[in-house]
Amino acid sequence: MAALYEGYTLCGLVPEQNLSNSGVRGIEQERDSDHVVVTDSTRSVTMYKVSDQKPLGRWTVKQGQSLTCPAVFNPKTKEYVAVSDNQVIRIWKEEDVLLDKTFKATVSSDIWRVHCAHGGDPVVLFQRGAVRLLDSLLSAPQQPIEEILAQEEAIRSTLQAGKEMAGKIYGQLWCYSNKLFIPHGKTLSVIPFVCPKSSLASALGKLKQAKTAPIEAVQKEVEGLLSRSDIQDLQPCVGQLVSILVSRSLADPSFYIPSTLAQLVHTQCLCHSACPDLVLLALEKKDYFLCQLCLQFFPDIPEAVTCACLKAFISLEPDSISFVEALISRERAQVSFQNGYGTTTCEDRSDDPSEGGGIIKEKEKTSAPSEQICPVGLHKAVLLNEVLQTAYSETFLLPHLKDLSSQHVVLFLQYLQFLYLKYSQDDFPQMHGLRSPSLTQIMDWVCLVLDAHFTMLVMIPEAKGLLLNLHSFVKSQVRLVSELGKIEGSLQELKNMKVKKEVGQYSVEIIELF
């Protein structure tokens, strides 16, 4: 018989909003019984000393990524092992500060769990049942992974029904022989049920035909899959289907179904690691609408792919974008406001940096802000805005930014300058939830591009006016921060003042700040 002792709090938790998840993905023992590694259900791994209730280390993946299995500690190498976005293995040591700068490798199949028994080597268990030693897997990360569990095996049986029960419903129930045994209040009830078996193969219908079937047949099968109410439960199916379609499109130039691929991306059941060739295929086919969707919905796009999209978008000639009809099918004003500028300020033009591209002369500084002209066409700006909002790591992004030509660098900086000026206007449309980059994102990209190409920009004459304007922007920001610093104490006093609850309909108050 167990004996329970007085407990204590190790750490606070942030449960999910619907209270269905505690916010903890897993807890694993670390170097000894007094140290544990806690992985939350989003992006962080924390190492605690239990007896002191203190965190000794914390590591976080970048925004847009997520940890998909609990981190484990390898006592032999003194390293931590975790998996992000199902297929990215990350390894780091306690002294590492930034997780993005540590070792990572992408494997070819989704990982279910990493196990590290005391005194043993780490073992990787894949979702379809295959097992690999970690060292063996890392020697060839893209090695094929067999499927131990057969495609026809019935898995993921789901009971989708509801029944009101009297009294308190507890956190546990049992299931035997198609009967649910549910304790509620002071009663244990038995509820028979029927749940038809389903499997990955039946959910996809005739998925194997996607490798050889004509386009019409494939589209019909995909429409049937998308019509299912449990589409979110079929995430592995969607990823497998897209991989098949992409592979066939790369092998057969005559086979390409952009509308079907766009529908599958819209399900938000995909990520880049599940179909790493999709964005590159879209760029090859010049399907910029699909590129836009991938940038918007994929949280784990590598920096090399982000820069490939940037280079392709900035190189586009006016009116050469294949998805113009898709973008302007809605009202033109709605499209423009969703991307951070009005339709009257971002018109199609030659995209020639030598023409000024929004560079402001001294005499023009007094002109109305609404006269600023977007240096790129409206449809190109829509694409560039998606790039600006993509998650990235500066360390991995900078080397790829250096591949841009001087003409494209100047044009891109002119567009960033245009966005900055629009943010400086009081009438700039900033509505919650719309697809427009934030001021912080704009300034971060300005700094990144300047860091990657500063020497070149100083030497070319056409960038002189642009650099002067950017210098004035930085100078004005420094001046603003300096002035705000002077009144910081006063603002803090106002914040800390206790507001009188009972105030009449009319009152006059004197507030002394100093």
Side-chain angles (χ1 to χ4, degrees), residues 215 242 245-246 249-250 253-268 270-272 275-332 334-341 343 346-352 374-392 397 400-401 403-405 407-409 411-412 414-416 418-419 434-437 441 445:
I215 291 179
V242 172
L245 296 178
V246 170
S249 298
L250 291 172
S254 63
F255 180 87
Y256 186 65
I257 42 179
S259 60
T260 298
L261 292 173
Q263 286 179 305
L264 291 169
V265 173
H266 260 297
T267 64
Q268 301 187 37
L270 293 172
C271 59
H272 182 270
C275 45
D277 295 326
L278 178 58
V279 179
L280 298 179
L281 172 65
L283 288 174
E284 178 184 327
K285 298 292 185 179
K286 297 183 179 180
D287 186 354
Y288 302 116
F289 178 58
L290 182 58
C291 291
Q292 180 189 13
L293 293 179
C294 293
L295 289 172
Q296 182 174 345
F297 292 120
F298 288 1
D300 60 340
I301 293 183
E303 288 77 4
V305 177
T306 299
C307 282
C309 291
L310 172 61
K311 188 174 182 179
F313 298 163
I314 203 73
S315 304
L316 290 173
E317 294 296 332
D319 299 325
S320 67
I321 303 175
S322 63
F323 69 96
V324 171
E325 293 80 3
L327 289 177
I328 64 177
S329 60
R330 293 168 288 181
E331 295 183 5
R332 183 180 177 90
Q334 179 184 359
V335 176
S336 61
F337 275 103
Q338 284 183 340
N339 291 278
Y341 39 76
T343 56
C346 199
E347 301 172 353
D348 291 334
R349 50 177 297 167
S350 64
D351 293 344
D352 186 356
C374 181
V376 299
L378 171 64
H379 307 105
K380 184 185 294 189
V382 170
L383 294 172
L384 292 178
N385 282 359
E386 292 297 342
V387 172
L388 296 178
Q389 298 173 81
T390 304
Y392 63 85
L397 185 64
H400 299 288
L401 280 177
D403 294 336
L404 293 176
S405 66
Q407 181 181 7
H408 292 155
V409 169
L411 181 60
F412 189 37
Q414 288 169 351
Y415 178 63
L416 292 172
F418 165 79
L419 291 180
L434 298 184
R435 299 296 301 171
S436 58
Q441 289 173 325
W445 274 94

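If you read the sequence from its start, that first residue is 1, and numbering goes on from there.
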Check [X] against [Y] and note the closest heavy-atom contact, atom names and distance.
X    : Y    : answer
S315 : H408 : OG-CE1, 3.1 Å
P375 : L411 : O-CD1, 3.7 Å
K380 : I314 : NZ-O, 3.5 Å
C291 : L283 : SG-CD2, 3.5 Å
I215 : S254 : CD1-O, 4.4 Å
C294 : I301 : O-CD1, 3.5 Å

Are [X] and [Y] side-chain neighbours, meaning at least one heavy-atom pair lies under 4.5 Å?
X    : Y    : result
Q389 : L295 : no
V265 : L278 : yes
L316 : L383 : yes
Y415 : N385 : yes
V279 : L290 : no

Problem set entry | Chi angles and distances behind the side chain to side chain contact (heavy atoms under 4.5 Å, CB included) call for E386, L293 | CA-CA 9 Å; E386 292 297 342; L293 293 179; over 6 Å; no
Under a 3.5 Å distance rule, please check whether [X] uses its side chain to pair with a backbone N or O of [Y] as donor and acceptor.
X    : Y    : answer
S249 : Y256 : no
T306 : P302 : yes
K311 : L404 : no

How far does [atom1] of [X] sit from [atom2] of [Y], to the nearest 0.5 angstrom?
X    : Y    : atom1 : atom2 : answer
C307 : L397 : SG    : CG    : 4.5 Å
L270 : L261 : CG    : CG    : 9.5 Å
Y288 : H379 : OH    : NE2   : 14.5 Å
F418 : L384 : CZ    : CG    : 12.0 Å
Q268 : Q296 : CD    : CD    : 8.0 Å
F298 : C275 : CZ    : SG    : 4.0 Å

For this session: Apply the test side chain to side chain contact (heavy atoms under 4.5 Å, CB included) to residues D287 and L281: give CA-CA distance (whole Å), side-chain angles for both, the deciding distance (0.1 Å), then the verdict.
Result: CA-CA 8 Å; D287 186 354; L281 172 65; over 6 Å; no
Problem set entry | Trace of the side chain to side chain contact (heavy atoms under 4.5 Å, CB included) decision for V376 with F313 | CA-CA 10 Å; V376 299; F313 298 163; over 6 Å; no
Problem set entry | Residues L416, L388; criterion side chain to side chain contact (heavy atoms under 4.5 Å, CB included); working and verdict | CA-CA 9 Å; L416 292 172; L388 296 178; 3.7 Å; yes
